[in-house]
*Asks:* 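First the structure, which I've put down as structure tokens, then a few questions once you've had a look.
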Number of protein chains: 2
Amino acid sequence: MTLTTIEFARILADETRQRLMKNCCCCWKSVNELVDDLGGQISQPTVSHHLAVLRQANLVLVRREGKQIFYSLNQERIASCCGQLFAVFAPEQQPQRWVPVQFPSEVEKSNR
Amino acid sequence: MTLTTIEFARILADETRQRLMKNCCCCWKSVNELVDDLGGQISQPTVSHHLAVLRQANLVLVRREGKQIFYSLNQERIASCCGQLFAVFAPEQQPQRWVPVQFPSEVEKSNR
DNA sequence: TTATTATATAGATATTGGTCTATATGTCAA
DNA sequence: TTGACATATAGACCAATATCTATATAATAA
């Protein structure tokens with residue numbers, strides 16, 4: 001279910017795949033939009049191939065809408081994988097001592 | 001100077017390299033010790049090759065002692081690279097709102 | 001149905017990079 | 001200086017994989 005650090009690194013270790021990931025980070029993009037974003041350098045089947053890799057690793061969210069299929073980067077999963085890298089390869093670094101913080105404005109809200 | 005997310009991912013995307021990284025994380029190991037840690041599966045030149053990759057990326061600290069050369073994982077650099085991954089591929093996740101924390105015992109120390 | 005558009009899959013090819021053996025370099029002791 | 005040990009480099013080989021073209025599948029409209 002959860003990716004190993006090897007699996008995660010292998011998936012990230014390709015430029016086209018990273019470009020795709022950036023392009024569908026924080027938004028939903030159809031496959032054709034993603035192909036276009038790569039400026040005609042990469043064919044549609046190749047993009048589909050990379051999306052399949054990301055899909056199988058659960059690193060993208062997928063939604064169908066008519067003929068089109070929309071993808072969006074699964075940031076929660078990315079965060080979890082990055083956290084794992086951190087835990088394995090930088091166990092003595094600060095972030096183990098970091099703590100989530102509520103800003104005053106949020107404290108106010110959550111008290112309502 | 002600083003690694004791109006592609007460079008970092010490519011370096012991580014090899015099992016032998018990850019094993020080496022784990023084995024010299026939080027301690028100093030000579031090349032021969034690192035070769036031994038891999039249980040005879042990998043030759044010394046191959047280990048040296050991987051160490052060269054890590055060295056060129058500044059992902060290991062190096063120290064000579066007589067005939068031997070000792071390596072130790074550069075956790076600070078790893079942390080920085082992981083942070084970059086996080087910033088690029090999970091910008092909307094929590095940790096941007098996390099904050100380093102001093103525990104009471106440390107506040108006491110740093111006030112001396 | 002048929003045509004059209006959107007995406008996925010299959011199979012072939014080419015490149016990248018991890019591994020090996022052989023050898024070079026470096027350090028120290030006798 | 002020679003020999004022994006520790007590590008690095010060079011070059012060849014092979015397997016993994018990114019890419020392409022061709023084609024299949026899916027959804028919708030006419």
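All chains are named by letter (A, B, ...) in the order of the sequence lines, taking the proteins before the strands, and each is independently numbered beginning at 1. Quick caveat, the model's predicted, so the values are computed rather than measured.
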*Asks:* Would you say a side-chain N or O of B/Thr46 is under 4.0 Å from OP1 or OP2 of C/dT19?
*Replies:*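 False: B/Thr46 side-chain N/O out of range (4.0 Å or more) of C/dT19 OP1/OP2.
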*Asks:* Nearest to the side chain of A/Lys67 - D/dA27, D/dA18, C/dG17?
*Replies:*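 So the side chain of A/Lys67 is nearest to D/dA27.
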*Asks:* I'd like to know if the side chain of A/Gln41 pairs up with that of A/Arg19 as donor and acceptor (distance under 3.5 Å, no hydrogens or angles considered).
*Replies:*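 Yes, a side-chain donor-acceptor pair sits under 3.5 Å.
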*Asks:* Hey, which sits more toward the 5' end of DNA chain D by its nearest nucleotide, A/Gly66 or A/Asp14?
*Replies:*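 Residue closer to the 5' terminus by nearest nucleotide: A/Asp14.
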*Asks:* Give B/Gln41 one of three labels, base, sugar-phosphate or nothing, depending on what nucleic acid heavy atoms sit under 4.0 Å from its own.
*Replies:*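 Answer is sugar-phosphate: B/Gln41 comes under 4.0 Å of backbone atoms only.
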*Asks:* Quick check on DNA chain D: between A/Glu65 and A/Arg10, whose nearest nucleotide comes earlier from the 5' end?
*Replies:*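 Between the two, 5'-proximity favours A/Arg10.
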*Asks:* For B/Glu7, does the CD atom sit with more than 12 other heavy atoms under 6.0 Å from it, leaving out its own atoms?
*Replies:*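 Yes, because the 6.0 Å sphere around CD of B/Glu7 holds more than 12 heavy atoms from other groups.
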*Asks:* What closest approach, in Å, do A/Ala9 and B/Gln18 show between heavy atoms, and which atom pair accounts for it?
*Replies:*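 In terms of heavy atoms, the two residues are closest at CB-NE2, 4.0 Å.
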*Asks:* What is the distance, rounded to the nearest whole Å, between atom CD1 of B/Ile42 and atom C1' of C/dT21?
*Replies:*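 In whole Å, C/dT21 C1' and B/Ile42 CD1 are 15 Å from each other.
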*Asks:* Any donor-acceptor pair under 3.5 Å between the side chain of A/Gln44 and the base of C/dA8?
*Replies:*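 Check passes, donor-acceptor contact within cut-off.
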*Asks:* Assess, by modelled atom type and distance only, whether the side chains of B/Arg55 and B/Tyr71 contain a donor and an acceptor separated by less than 3.5 Å.
*Replies:*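 There is such a pair (donor and acceptor under 3.5 Å, judged by atom type) between the side chains of B/Arg55 and B/Tyr71.
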*Asks:* Expressed as a whole number of angstroms, how long is the span from A/Ile69:CD1 to C/dT9:P?
*Replies:*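 Taking atom P of C/dT9 as the reference, CD1 of A/Ile69 is at 9 Å.
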*Asks:* Which nucleotide sits closest to the side chain of B/Val31: C/dA10, D/dA8, C/dG18?
*Replies:*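 Nearest listed nucleotide: D/dA8.
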*Asks:* Less than 4.0 angstrom between a side-chain N/O of B/Arg55 and OP1 or OP2 of D/dA8, yes or no?
*Replies:*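 Answer yes for this pair, as a side-chain N or O of B/Arg55 is under 4.0 Å from OP1 or OP2.
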